[in-house]
Amino acid sequence: MLQDEPFKSNTRRAVHDLRELIFSGELEAGSDHLESELAERLSMSRTPVREATLMLEAQGLLEVRPRKGVRILALSADDMDEIYEVLTELESLAAALAADAQYCKKDLNTLAKSIDDMEVAVTNEDRVAWAKADGDFHHELVRLSKNSRIMAIVSNFNDQVRRARMTTLHIRPLPKKSNEEHRALFEAIVSGDAKAARDIHWNHRTSARKMLTELLNGHGLKRI
């Protein structure tokens, strides 16, 4: 078992490093890469890189092509529309469950902090900081549902949502309205109003879905 640990550690590092290269654009959408090339780039053997590419393929970031290496997948507005359709329903349910849980404000400190961080980021027009805080908010909202199935399904989309967020970050309007909706949702959860929490978040995610897919369509990122 101990002999497996270095391999597992290298695989985790390969997953992390490849993901960051994709998000940063260093591995461009549509580009093809041999396994040996990626292994050399990451300064590791091909075996953990192979395992990492299979994991990232399952997350929709790349395609493993037998004997041809891997292809970095482009974002599709159609795919993101479908993902957000699912997230809208699941996260709205998570919001209702969080409200039903009757948390005290202390239990919601992490959620509150992410909203404060988003508001500071918008004031400073720091879109990168806003994106991080927005991701923290949605992660914590799902965690507060205490529903392991919702958490598992939503986690499968995290990488693609993060990539879409970063792709549109500098071309979307400054997210002032989004912050107002986050604050309204927080108050609904604090007050234990499950219906309001569900409705507020459903409307929030629906608006985000429409804006995001329109931006991606504007950049010609349609499903092939």
Side-chain angles (χ1 to χ4, degrees), residues 15-31 56 59-62 72-88 90-92 94-95 108-144 154-189 200-222:
V15 168
H16 174 271
D17 291 352
L18 287 174
R19 184 185 284 126
E20 293 304 312
L21 288 171
I22 293 171
F23 289 150
S24 69
E26 290 186 54
L27 294 179
E28 295 183 1
S31 62
L56 294 176
Q59 295 168 14
L61 293 181
L62 53 80
I72 308 303
L73 296 179
L75 275 173
S76 159
D78 294 330
D79 288 338
M80 287 310 303
D81 187 57
E82 290 181 0
I83 289 170
Y84 266 74
E85 186 173 29
V86 174
L87 288 179
T88 296
L90 290 179
E91 286 192 359
S92 297
L108 301 173
N109 278 347
T110 299
L111 196 66
K113 183 181 183 303
S114 66
I115 298 171
D116 292 340
D117 289 345
M118 279 186 278
E119 291 177 348
V120 170
V122 167
T123 299
N124 295 333
E125 298 191 11
D126 186 341
R127 292 170 181 262
V128 174
W130 176 85
K132 180 184 182 306
D134 181 62
D136 291 343
F137 175 89
H138 288 278
H139 178 270
E140 180 65 4
L141 176 65
V142 171
R143 189 191 71 81
L144 289 169
V154 170
S155 70
N156 287 335
F157 299 132
N158 282 346
D159 281 340
Q160 294 177 71
V161 172
R162 178 186 169 195
R163 195 174 176 204
R165 183 188 290 115
M166 298 310 295
T167 298
T168 59
L169 189 58
H170 297 287
I171 57 177
R172 63 167 291 164
L174 198 64
K176 295 179 180 178
K177 186 172 185 293
S178 178
N179 286 3
E180 294 169 2
E181 292 166 348
H182 286 139
R183 182 68 69 184
L185 173 57
F186 177 80
E187 294 302 330
I189 292 173
I200 290 168
H201 197 66
W202 192 90
N203 290 330
H204 167 70
R205 270 308 202 186
T206 298
S207 296
R209 171 187 171 192
K210 182 175 184 293
M211 179 204 63
L212 183 66
T213 52
E214 285 178 354
L215 287 172
L216 292 176
N217 272 320
H219 280 67
L221 297 170
K222 298 181 180 180

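Quick caveat, the model's predicted, so the values are computed rather than measured.
Under the 4.5 Å side-chain criterion, counting only non-hydrogen atoms from C-beta, V122 is in contact with P175. By the 4.5 Å heavy-atom criterion applied to side chains, R205 and H138 are counted as neighbours. The shortest distance between side-chain heavy atoms of D81 and L212 does not fall below 4.5 Å.
Taking all atoms of both residues into account, the shortest heavy-atom contact from H204 to S178 is CE1-OG, 3.2 Å. Heavy-atom minimum distance, T88 versus T206: CG2-OG1, 3.8 Å. Taking all atoms of both residues into account, the shortest heavy-atom contact from R172 to R127 is O-NH1, 2.8 Å. Scanning both residues, L27 and L18, for their nearest heavy atoms gives CD1-CD2, 4.1 Å. The heavy-atom pair separating L169 from A131 by the smallest distance is CD1-CB, 4.0 Å. Considering every non-hydrogen atom in both I171 and L215, the closest pair reads O-CD2, 4.0 Å.
A distance of 12.0 Å separates CD of E28 from CG of L21, quoted to the nearest 0.5 Å. Atom CD1 of I115 is separated from atom CG of L108 by 9.0 Å, given to the nearest 0.5 angstrom. A distance of 12.0 Å separates CZ in R143 from CG in D136, rounded to the nearest 0.5 Å. For the atom pair F137 CZ and S114 OG, the distance stands at 6.0 Å (nearest 0.5 Å). Annotation: the span from T110 atom OG1 to E140 atom CD amounts to 4.5 Å, rounded to 0.5 Å. To the nearest 0.5 angstrom, K132 atom NZ is 7.5 Å from D117 atom CG.
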side-chain contact (heavy atoms from CB on, under 4.5 Å) assessment of L185 paired with L141: CA-CA 10 Å; L185 173 57; L141 176 65; 4.0 Å; yes

Intermediate values then yes/no, side-chain contact (heavy atoms from CB on, under 4.5 Å), R19 and L61: CA-CA 8 Å; R19 184 185 284 126; L61 293 181; 4.2 Å; yes

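With ring centers used as reference points, H182 lies 6.0 Å or more from H201.
Of the possible donor and acceptor atoms, none in the side chain of R209 sits under 3.5 Å from a partner among the backbone N and O of Y84.
Judged by distance alone, the side chains of W130 and N179 do bring a donor and an acceptor atom under 3.5 Å apart.
Note on E180 versus K176: no salt bridge recorded, every NZ/NE/NH1/NH2 to OD/OE distance being 4.0 Å or above. A salt bridge does not link R183 to E187: none of the charged side-chain nitrogens sits closer than 4.0 Å to a carboxylate oxygen.
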